[in-house]
Amino acid sequence: MLNSKSLIGAEGELALSPARRKWQRFRRNRRGFYSLFLFLVFFILSLGAEFISNDKPFLVVYQGSYYFPIIKTYPETTFGGIFETETDYKDPFFLELMREGQNRAFFPPNRHYFDTINYALDVPVPSPPTRENLLGTDDRGRDVFARLLYGFRLSILFGLALTTVGTLIGIVCGAIQGYFGGRTDLFFQRFIEIWGAMPELYLLIIFASIFKPSALLLLMLLSLFSWMGLSDYVRAEFLRGRNMDYVRAAQALGVSNRVIMYRHLLPNGMTPVITFMPFRMSASILALTSLDFLGLGVPPSTPSLGELLAQGKANIDAWWLSLSTFGVLVGSLILLIFIGEALREAFDPRKH
């Protein structure tokens, strides 16, 4: 039997709006809630990667004037040099100049950009972790921590973009199939069967050999196939909802199909869309990492988790390459999976 506290909690939850009830259920899943909190903290920190790991100071005070090298490029002549080229902020001349008088240079905690090469190494590359390179260097002498930080940001932004584009296309296609049905649904289903049978990897290889590899090109190519899985769930929701009484009443009143689909059917069909988004995002991150590992992803100079894994495979003795990258990748995917499980439980009407 239910006790008084359970009854009071149930009555209080029923008094809330449906969205707030789902949020309360999500918060009660501590594993999912704390995973969301940690993921947002890491993602926000990665957005400010230039202020965490960079070979340029974020603020320079020189002769009473303030300069922001992260935002703007300054030539050497600005700080008393003789060349018009960009200032080398690791140059001993510049560092000595910053110790004179009131001159100051405020560097990020890690003084390495993702493409900064450490020429002062006294061991062969890839070099193990040291006080200067906390996670060691890769096979070109670049700081692993910096490349992990920027690579994590690229992976998350790419995953968000691919998930958003694929979700929007999947919602539109599934809504059209489910609402109109008949020949429209039949045509779309046959098209999806043909389109899904196309060799995605071969197409990526062909386009990578024709065009210059870039994150935008990968986003466009992967978006062509990422919508098909979600469209089936949206189609099923619209097929079920189009025969409801309130939809038939709206049709009888002369409400347009677009308004019915957007205002009435879409809100009720968003449950599979929301619950699958973390899982789709983790799949997008894995897709980018796999393509980078195979050399079919972003250019080699771009920081990437897959490129670091490929370096770890090529340099088995450099354990810091594989171990650190594996930790970042697996940790990110685990957080996304926990968030997805909590969302699925919060939106599941059978459990509440």
Side-chain angles (χ1 to χ4, degrees), residues 26-27 29-49 52-53 114 135 138 144-167 170 200-201 204 215 218-219 221-223 225-230 233 271-298 302-313 318-348:
F26 179 82
R27 288 193 61 180
N29 190 317
R30 293 188 176 183
R31 185 174 63 183
F33 179 74
Y34 289 126
S35 297
L36 176 62
F37 175 77
L38 289 175
F39 182 81
L40 290 178
V41 168
F42 293 144
F43 177 56
I44 293 173
L45 288 176
S46 70
L47 292 178
I52 299 176
S53 182
F114 67 81
L135 295 179
D138 63 1
V144 173
F145 175 80
R147 294 190 68 80
L148 279 176
L149 179 61
Y150 287 90
F152 172 78
R153 181 175 69 178
L154 175 65
S155 299
I156 299 302
L157 291 176
F158 182 87
L160 282 173
L162 182 57
T163 302
T164 302
V165 174
T167 299
E200 183 178 354
L201 182 59
L204 290 171
L218 287 178
L219 177 63
L221 293 176
L222 293 177
S223 298
F225 300 91
S226 63
W227 58 272
M228 290 184 291
L230 182 64
Y233 295 97
T271 297
V273 175
I274 296 175
T275 54
F276 276 102
M277 283 190 70
F279 301 105
R280 294 177 62 83
M281 186 172 174
S282 62
S284 302
I285 295 174
L286 275 178
L288 177 64
T289 304
S290 302
L291 292 173
D292 290 336
F293 180 81
L294 297 173
L296 301 174
V298 295
T302 307
S304 167
L305 300 181
E307 189 258 348
L308 282 173
L309 287 176
Q311 288 195 34
K313 176 179 176 294
W319 54 267
W320 54 91
L321 290 173
S322 302
L323 188 62
S324 58
T325 309
F326 180 80
V328 171
L329 181 61
V330 173
S332 304
L333 297 180
I334 287 176
L335 292 179
L336 287 172
I337 290 172
F338 286 164
I339 295 171
E341 290 179 348
L343 283 174
R344 186 169 56 190
E345 291 182 4
F347 280 81
D348 191 355

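Below, all heavy atoms of this structure are taken into account, side chains as well, without hydrogens, waters or symmetry copies.
Scored by the ring pair (Phe, Tyr, Trp, His ring centres under 6.0 Å) test, Tyr34 finds no partners at all (sequence neighbours excluded). Under the ring pair (Phe, Tyr, Trp, His ring centres under 6.0 Å) criterion, Phe42 pairs with no residue, sequence neighbours left out. Evaluation of the ring pair (Phe, Tyr, Trp, His ring centres under 6.0 Å) rule for Phe145 yields no partner, not counting sequence neighbours. In this structure Leu294 satisfies the side chain to side chain contact (heavy atoms under 4.5 Å, CB included) test together with Leu296, sequence neighbours excluded. In this view, Phe158 satisfies the ring pair (Phe, Tyr, Trp, His ring centres under 6.0 Å) rule with no residue, not counting sequence neighbours. Residues forming a side chain to side chain contact (heavy atoms under 4.5 Å, CB included) with Leu157 (at least two apart in sequence, or on another chain): Phe43, Leu47, Arg153. With sequence neighbours left out, the side chain to side chain donor-acceptor pair (under 3.5 Å) criterion links Ser53 to Asn110. Here Ala310 pairs with Phe293 under the side chain to side chain contact (heavy atoms under 4.5 Å, CB included) rule; sequence neighbours left out. By the side chain to side chain contact (heavy atoms under 4.5 Å, CB included) test, Thr289 pairs with Ile285, Leu305, Leu309, Leu329, sequence neighbours left out.
Nearest heavy atom pair, residue Arg147 against residue Thr302, reads NH2-O, 3.3 Å. Shortest non-hydrogen contact noted between Leu218 and Gly297 is CD1-CA, 3.5 Å. Considering all non-hydrogen atoms of both residues, Ala287 and Leu222 come closest at CB-CD1, 4.3 Å. Counting all heavy atoms, side chain and backbone alike, Trp320 lies closest to Val144 at CD1-CG2, 4.3 Å. Scanning all heavy atoms of the two residues, the minimum distance from Ser284 to Leu162 falls at OG-CD2, 3.4 Å.
At least one donor-acceptor pair closer than 3.5 Å links the side chain of Ser282 to the backbone N or O of Phe279.
Screening residues 276-294 for salt bridge (Lys or Arg N to Asp or Glu O under 4.0 Å), with sequence neighbours left out, gives no hits.
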Can you give the donor-acceptor pairs under 3.5 Å from side chains of residues 330-343 to other protein atoms, not counting sequence neighbours?
unit_1: Ser332; atom_1: OG; unit_2: Val328; atom_2: O; d: 2.8
unit_1: Glu341; atom_1: OE1; unit_2: Arg31; atom_2: NH2; d: 3.0

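Counting heavy atoms of neighbouring residues, nucleotides and ligands inside a 6.0 Å radius, atom OH of Tyr150 exceeds 12 of them.
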